[in-house]
Amino acid sequence: MVAHLVRLKLTLLGNTFRRSVWQTIGLIAACLYGLGVVGMLVAAVIATGSYDTEVLGLVVTLGGALATLGWWLIPLFLFGVDATLDPHRFATFGIPLRTLVTGLGVAALISVPGIATLLTGLGVTLAWWRTPALLPLALLGVALGVATCVLGSRALTTALAPLLEARRSREVLAILAMVLLVMIGPMMSWLGGSFGGGGPRSLEGVARTSPEGIRLLADQLAGVVAWTPLGAAWSLPATAHDGAWLAFVGHLAVALGTVALLWLVWERALGRALVRPPVGGGRGAKAKGLGWFGRFPATPTGAVAARSTTYWLRDPRYGSVLAIVPLMPVILWFSGRETDNQLLLILAPIVAWVLGFGLSNDVAYDHTAFALHVATGTSGSADRWGRVIPILCFGVPLVSLFAVLSAVVAGHTALLPAVLGLSLGTLALGLGVSSAVSARLVYPVPKPGESPFKQPQGAAVASMVSQTIALLIVAVLSLPALALSVLAFAQDSPPLAWVALVVSLAVGVGVLVGGVRIGARTYDRRAPELLQQVQSFA
Amino acid sequence: MLRVGGARYVGGMTAQAGPPPSGTSDLASQSAPTPPPDPAAALSLRGLWKRFGQKIAVHGISLDVPAGSFYGLVGPNGAGKTTTLSMATGLLRPDYGSVHVSGTDLWAQPDQAKRQLGVLPDGARLFDRLTGTQLITYAGLLRGLDRDTVASRTQDLLRALDLTKDANTFVVDYSAGMTKKIALASAMIHAPGTLVLDEPFEAVDPVSAANIREILADYVRSGGTVVVSSHVMDLVQRMCDHVAVVAAGQVLAAGTVDDVRGDQSLEDRFVDMVGGRATGEGLEWLRTSSASS
C-alpha cells in the first residue's frame, strides 16, 4: 500500500511534465533552483565543518530548526499547495489508517521541497567527516529531523483543516500572512535600530562589538533551540560531538517524543477527516441590493466598473494588492528615517505603479467567468475602460494624498508639482500599458477562491516573460517624466517641477487613452482566443 | 461502421493540413454538397471544424435549427457537443466553417449576432463574488438594457426560478443546481430570440428541472428557439421537437424527434447509432453469490 501511494505520487509528478510546455519549464526551473540551493547549502556547511566543528554544530542546529519551522508554517498559508494526495480522496477506499499515514508520509517526501530537505540533510552529515564515528548519529538526526518536518506539516494542516476549509477564515489568514511577510523587513530594522541605541548588550550591539559576540548569541540560541521540538533532532550530532551525553539523551528524547506526538496527532486528525468529508461553506454571507451596480451608470462600461470595484473589495486575490498600499508608507518611513525621510518621496510613484500594474493580468483573474463578456458581446472599450475606471476613482485621490504628504514630510513643498506629476503620470501610464498588454498576454494566476499565495505550476516563467515586457514598456515611456522630476530635485528648481508636472500628465494621459484604445481593438479582435487561453489554465 | 469512417477522417486530417474534405456526404443524413446557410433558421451551422492539438473535436458539423423549435443536441461524452455549441455562440473560433444566427454571420458580425443569442456555457465559472441579483443585473447591463428594465426583469427571473430568497446570497455559496439556475437567468435577461443552453439540467433537482422545462416550453410557444445539449435521452424525447445526434465530432442523424427515433425510443435508437454498447458479460464476479472469491 505504501509503495502504491509512493508510485501514485511519482506518476502524478511525472504527469505534470506532460501537461504543457510552460508547466514543464516551470517544474524544471523549480527543480534546478531547488538543486542549486541544496548544493550551495551543503557546500557552505561542509566548508564550515572543515575549519570549525563547533560553528558547524550551531549552523546545523539553527538551520534545521528554521527549516522545520518553515515546513510547519508555510503550508498553513499556502494551503492546498500540495493537494495531490488529499486524504479525502482516499475516504472511500477503506485503507487501514496506519498504512495510509505511513504511505502519505513517505509520499509527502516526494516533492521538490521534500527531496530538497532530505538531500540537504544527508549532504550536511558529510560535514562531520572529521569524526566519522558521529556519522551514524548524524544520520539518525537527519531521519528524525526530516520526519519532524513532514509529520509536523501534515499534522498541522490536517488538524487545522476544518478551520482552513472555511473560505472566509482562509482568506483572512492569507492576507494576514501577506501583511506579516511584508512587515518583516521594517520590523527587523526597527528592532535593530531600537536595540542598537540600547547599549552593548542588545542584539545589534553585540553583533557590532565582535564576531565573538555573534558566536556567543548563536551559542545561547542554539542551546535553547536544541531542547525544543524544532531543533532537538538536528542538534544530535553536535551534542554528541561535545561529549555532553546527558544532554544528548535529553535531546534524543525530545526528538523521538516530537515525532511520536506528531504521528499521533496526524493519525487522529486523519481519522477524523476521513469520516467527516469537507462541507461547502454553508453560512452564506449576504449583501443587500445592487451594491456598486446601483452607483455606477447603467451602461456596459459602468457595469464592468461596478463589477471590478466589487472584486477589488471582495476578492482576497485583489485584497493582497490593496493590503500593501497602506503598508507602503509605513515601510518607507521605517527604512528612510536615517535619511531625513527623503526615501518617502518615492512613496506616491510606487503606489501609483503598483495600482496601475495591478490590472496587467486582469482577464486571468476573471478566469472562465470571462465567458460572460464574450457571450454578451461586450465591446472592447467597455471592457477596458470598465476595468480602468475603479482604479482611477480611488487611485487618483489616494496617490495625490500620498504625494502631498510625502512632499511635506520630506520638506520639499516647493517641488510638490514634480512628485504629484510623476505619481499621477505613472498611474495613468501603468493603467494604459496594462490595458494594452492584458488583452494580449495572460498568464496563470490563482483561480477564484484559491489562496492568493498559491502560484500555479509553471506560471513563473510565463508571468516573468509577460511582466518583463510590460515593465520594459512602462520604463521606457516613463523616462521623460522621471528625468524631468529628478532634474527638478537635483537643481531644486520649482519651475522645472511645474514643467515635470505638465509633461508627466501629458504623457500619462496620452498613454492611458492610447493604451486603452489599442487594448480595446485587440480585445475586439481576439476575445474568443483570450477566453480559450484562460480556459487552458484550468 | 461509422466509427471507422470517423477514424479515417482523423488520419486524413492530420496528414493534410488544408481545408476539410467536403466529402462528409457518406455520413448519415448530410447530402453533398453542403447547401448554403439557411437564413430562415435560428441557427445555421455549416461545415464547422475544430482541432485541439492532435485531437479533432469537431469534424465538419452542419446543422439547421429551425426558428421556433425546441432543439436537442445529444451525444456521448466527448462527442463535441460543447465545442460545437461554443463555436455556435461566439465563444470559440472555428478552424473552418460558418455560423449564421437568423441570417447574420456570427463570426463576421459578432456584435449583431450575439445580441440575438442567450448563452449558458457548460463548465464556465460565474462572477461568483456577486450576489444573485447583482450577477443577473450585470448580465443585463452588459447587454445594454436600461436600469429599470433590468431591475424588473431580474425580479421576475428570480421569482420564476425560485431564487428570490437567495437573491442577496453570494453566488459562490450557491449549490450546483442554484448556480445553473442563476446562469440560466443571466442568459435570458435580454429576451434573446434563441437560447443556447449547454447541459442546463445537470445537477438541477427534479422540481427546479420541471420549472425550467416549463419556462423553456413557454418560451418556445411564444416564438423563441431553444437549443439544449444533454445526454439524458428520455428528457430530450419528452421535451424537444427536433434532435441531432452527434458522435465523434460528426452529425449521425438530425431532424424531428419522431423522424430520428422511428418506432424505437430515442435512447435505443441512440445506442444503436452510436454503438459500442457492452453487454455486461464478463462481470460475473460482481454477483453477490461469488463475493467469497
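Side chains included, hydrogens not; waters and symmetry mates left out as well; all remaining heavy atoms used. Just so it is clear, the structure is predicted and the values come from calculations on it, not from any experiment. Throughout, protein chains are lettered first and strands after them, A, B, ... in sequence-line order, and every chain is numbered starting at 1.
- Between A:Phe293 and B:Tyr138, the ring planes are tilted. Angles from 30° to 60° get that label.
- Counting heavy-atom pairs under 4.5 Å between each of B:Leu130, B:Thr133, B:Val119, B:Leu92 and chain A puts B:Leu130 at the top.
- No side-chain heavy atom of B:Gln134 sits under 4.5 Å from any side-chain heavy atom of A:Trp292.
- By the neighbour-count criterion of 12 heavy atoms within 6.0 Å, atom CZ of A:Arg517 is sparsely surrounded, having that number or fewer from other residues, nucleotides or ligands.
- Counting all heavy atoms, side chain and backbone alike, A:Ala371 lies closest to B:Ala124 at CB-CB, 4.1 Å.
- Residue contact with chain A, scored on non-hydrogen atoms closer than 4.5 Å, involves the backbone and the side chain of B:Leu142 alike.
- Of the inter-residue distances, the one linking B:Phe127 atom CZ with A:Asp366 atom CG reads 4.0 Å to the nearest 0.5 angstrom.
- The candidate with the highest count of non-hydrogen atom pairs below 4.5 Å against chain B, out of A:Gly377, A:Ala306, A:Ala382, A:Gly294, is A:Gly294.
- Separating the CD atom in A:Gln535 from the OG atom in B:Ser86 is a distance of 7.0 Å, to the nearest 0.5 Å.
- Between chain B and the residues A:Gly302, A:Ala303, A:Gly291, A:Ala527, the most heavy-atom pairs under 4.5 angstrom are made by A:Ala303.
- Chain B forms the most heavy-atom pairs under 4.5 Å with one residue out of A:Thr301, A:Thr299, A:Thr378, and that residue is A:Thr378.
- A:Tyr365 does not touch chain B: none of its heavy atoms, backbone or side chain, sits under 4.5 Å away.
- Contact annotation: the side chain of A:Ser536 never approaches that of B:Phe52 to less than 4.5 Å [non-hydrogen atoms, C-beta and beyond].
- When the candidates A:Ala298, A:Gly386, A:Pro297 are compared by the number of heavy-atom contacts under 4.5 Å with chain B, A:Ala298 comes out ahead.
- The heavy-atom pair separating A:Arg526 from B:Arg93 by the smallest distance is CA-NH2, 4.1 Å.
- Atom CG of B:Leu141 sits about 13.0 Å away from atom CZ of A:Arg307, to the nearest 0.5 Å.
- Interface remark: of the candidates A:Thr310, A:Thr376, A:Leu531, A:Asp524, A:Thr376 forms the most heavy-atom pairs closer than 4.5 Å to chain B.
- Each of B:Leu126, B:Thr137, B:Leu91 has some count of heavy-atom pairs under 4.5 Å with chain A, and the biggest count is that of B:Leu91.
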